[in-house]
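Input: a single structure, listed below in structure tokens.
Owing to the predicted nature of the structure, the values given are computational and were not obtained by experimental measurement.
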Amino acid sequence: MSIYERMMNRSGGVKVDTTLDISRGVRCGEELSGTVILRGGRDAKHVTAIEFGLVAEFFCEKNKQIVKDKGVIYRHTLGTSVTVAPGEEKRVPFRFRIPLTTPVSIDSSKVWLETTVNVEMEETRNDRDAVPILPHPIVHGFFEAVKLLGLRLDDVSLLHVPRLRTEFPFVQEFEFKPRLPSALDEIEVYYTADGSERVNFFIEIDRRAKGLSGLLEEAFDWDERHIRVTLTKEDAADPERLADKLARCILPHLK
């Protein structure tokens with residue numbers, strides 16, 4: 001018997017286990033569903049609410065410094081009224097839609113679902129499960145087009161930017177570098193989505209320094225160019241055509 005199980009037996013608490021209805025993962029903007037399994041301890045307990053939190057690591061500003069932190073980036077509360085008798089097992093199904101801009105599970109970026117059960121108005125033991133997050137179809141199409149341009153994903157990070165959006169103040173930033181020597185040093189990309197039909201991509205283009213003028217531009221960040229591209233499902237449906245569109249947007253900034 002584990003330490004947790006011995007503690008639960010002594011306190012008469014409820015053991016929590018969450019199972020998810022996913023095989024490969026859940027796509028951004030779609031519903032995450034599953035079942036919370038409640039197992040009774042020594043005493044009967046009344047469950048008043050179940051809270052689900054998407055947990056991730058992110059960079060944020062604290063005391064005028066950029067630091068790495070970890071916490072809940074999105075919450076969903078399920079009001080319920082369930083009494084669990086000693087030794088009894090109760091199953092509570094759940095379903096909620098995750099934000100369109102939930103960070104994608106790629107490279108070192110990971111997301112967990114943390115389940116917290118309120119038993120008689122007090123928080124009890126929570127459960128944590130990995131949730132593979134798949135990209136929005138338009139974002140997936142963008143990634144495929146970027147590959148066709150000869151770029152590879154070099155880094156990915158989640159940023160806490162409260163001034164950007166109050167309802168979901170996080171953006172995931174992707175850094176792409178050329179596979180072969182190029183006039184392009186890198187591009188950094190983040191995106192926002194107000195609905196499922198279109199996604200806004202913000203691209204920062206960093207040129208490779210050339211000669212004295214290039215070194216001066218690099219020193220003063222003059223070598224960086226910013227563009228915004230709005231894509232639809234129709235754009236993302238044809239990666240080759242989308243790659244041509246992105247190339248036409250990026251190439252003028254490399255001259």
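- Between Ala247 and Leu149, the closest heavy-atom pair is CB-CD2, 3.9 Å.
- Ring pair Tyr191/Phe201 is tilted by interplanar angle, where 30° to 60° counts as tilted.
- Note that CD1 of Ile187 and CD1 of Ile203 are 5.5 Å apart. Values are rounded to the nearest 0.5 Å.
- Glu51 is not listed as a side-chain neighbour of His76, based on a closest heavy-atom distance of 4.5 Å or more.
- Going from atom NZ of Lys68 over to atom NZ of Lys70 covers 9.5 Å, rounded to the nearest 0.5 Å.
- Side-chain atoms of Ile50 and Thr77, non-hydrogen and from C-beta on, never get closer than 4.5 Å to each other.
- Taking hydrophobic clusters as Ile, Leu, Val, Met, Phe, Trp and Tyr residues chained together by side-chain heavy-atom distances below 4.5 Å, Phe168 does not share a cluster with Leu100.
- A continuous path of hydrophobic side-chain contacts links Ile66 to Val161 [ILVMFWY only; heavy atoms under 4.5 Å].
- Smallest separation of non-hydrogen atoms from Ala130 and Trp112: CA-CD1, 3.8 Å.
- With contacts defined as side-chain heavy-atom distances shorter than 4.5 Å, the pair Ile133/Cys28 qualifies.
- In this structure, Arg39 contributes its side chain and Lys15 its backbone to no donor-acceptor pair below 3.5 Å.
- Lys245 places a side-chain heavy atom less than 4.5 Å from the side chain of Leu231.
- Thr18 pairs in a side-chain contact (heavy atoms from CB on, under 4.5 Å) with only one of the listed residues (Val92, Thr115, Val117, Thr35), which is Thr115.
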Is there a side-chain contact (heavy atoms from CB on, under 4.5 Å) between Val111 and Val55 once you walk through the steps? CA-CA 6 Å; Val111 175; Val55 178; over 6 Å; no
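- In this structure, Arg152 pairs ionically with Asp154, as a charged nitrogen and a carboxylate oxygen lie closer than 4.0 Å.
- Heavy atoms only, all atoms of each residue included: Gly141 and Leu242 are closest at O-CD2, 3.6 Å.
- Separation of atoms CZ (Arg198) and NE2 (His136) is listed at 11.5 Å; rounding is to 0.5 Å.
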Verify side-chain contact (heavy atoms from CB on, under 4.5 Å) between Glu57 and Leu158, making sure each step is shown before the conclusion. CA-CA 7 Å; Glu57 292 183 339; Leu158 183 64; over 6 Å; no
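- Note that CG of Asp127 and CD of Glu114 are 9.0 Å apart. Values are rounded to the nearest 0.5 Å.
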Please evaluate residues Leu148 and Glu144 with respect to the criterion side-chain contact (heavy atoms from CB on, under 4.5 Å), reporting the C-alpha separation (whole Å), side-chain torsions for both, the decisive distance (0.1 Å), and the verdict. CA-CA 7 Å; Leu148 293 176; Glu144 292 300 308; 5.8 Å; no
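- In this structure, Glu30 does not pair ionically with Arg97, as no charged nitrogen and carboxylate oxygen lie closer than 4.0 Å.
- Among all heavy-atom pairs drawn from Gln172 and Thr102, the shortest one is OE1-O, 4.5 Å.
- Proximity of Phe96 to Leu32: side-chain heavy atoms (C-beta onward) are separated by under 4.5 Å at one or more points.
- Between Arg24 and Leu134, the closest heavy-atom pair is NH1-CD1, 3.9 Å.
- The pair Asp155-Lys177 does not count as a salt bridge, with every side-chain nitrogen at least 4.0 angstrom from each carboxylate oxygen.
- Looking at Thr232 and Glu234, their side chains do bring a donor and an acceptor atom within 3.5 Å of each other.
- A single hydrophobic cluster is seen to contain both Leu78 and Val131, as judged by linkage of ILVMFWY side chains at heavy-atom distances under 4.5 Å, directly or through other members.
- A distance of 11.0 Å separates OG1 in Thr80 from CG in Asn118, rounded to the nearest 0.5 Å.
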Mind running side-chain contact (heavy atoms from CB on, under 4.5 Å) on Glu31 and Val26 for me, showing each step along the way? CA-CA 7 Å; Glu31 289 187 332; Val26 58; over 6 Å; no
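- Heavy atoms of other residues, nucleotides or ligands lying less than 6.0 angstrom from NE2 of His160 number more than 12.
- Smallest separation of non-hydrogen atoms from Ala193 and Val199: CB-CG2, 4.1 Å.
- Applying the side-chain contact (heavy atoms from CB on, under 4.5 Å) test between Val119 and each of Val47, Leu38, Thr48 identifies Val47 as the sole match.
- Counting heavy atoms from C-beta on, the side chains of Phe174 and Ile106 come closer than 4.5 Å.
- Within the model, atoms CG of Leu113 and CZ of Arg128 stand 9.5 Å from one another, a figure rounded to the nearest 0.5 Å.
- Listed by chain and residue number, nothing satisfies the side-chain hydrogen bond (donor to acceptor under 3.5 Å, both in side chains) test with Thr19 (two or more places apart in sequence, or in another chain).
- In the hydrophobic cluster analysis, where Ile, Leu, Val, Met, Phe, Trp and Tyr join through side-chain heavy atoms closer than 4.5 angstrom, Phe52 is grouped together with Tyr74.
- Looking at heavy atoms from C-beta onward, Leu184 lies in side-chain contact with Ile205 at the 4.5 angstrom threshold.
- Counting heavy atoms from C-beta outward, Ser157 and Glu173 have side chains that approach closer than 4.5 Å.
- Put simply, Val156 and Val189 are part of the same group of oily side chains (I, L, V, M, F, W, Y) that touch within less than 4.5 Å, one to the next.
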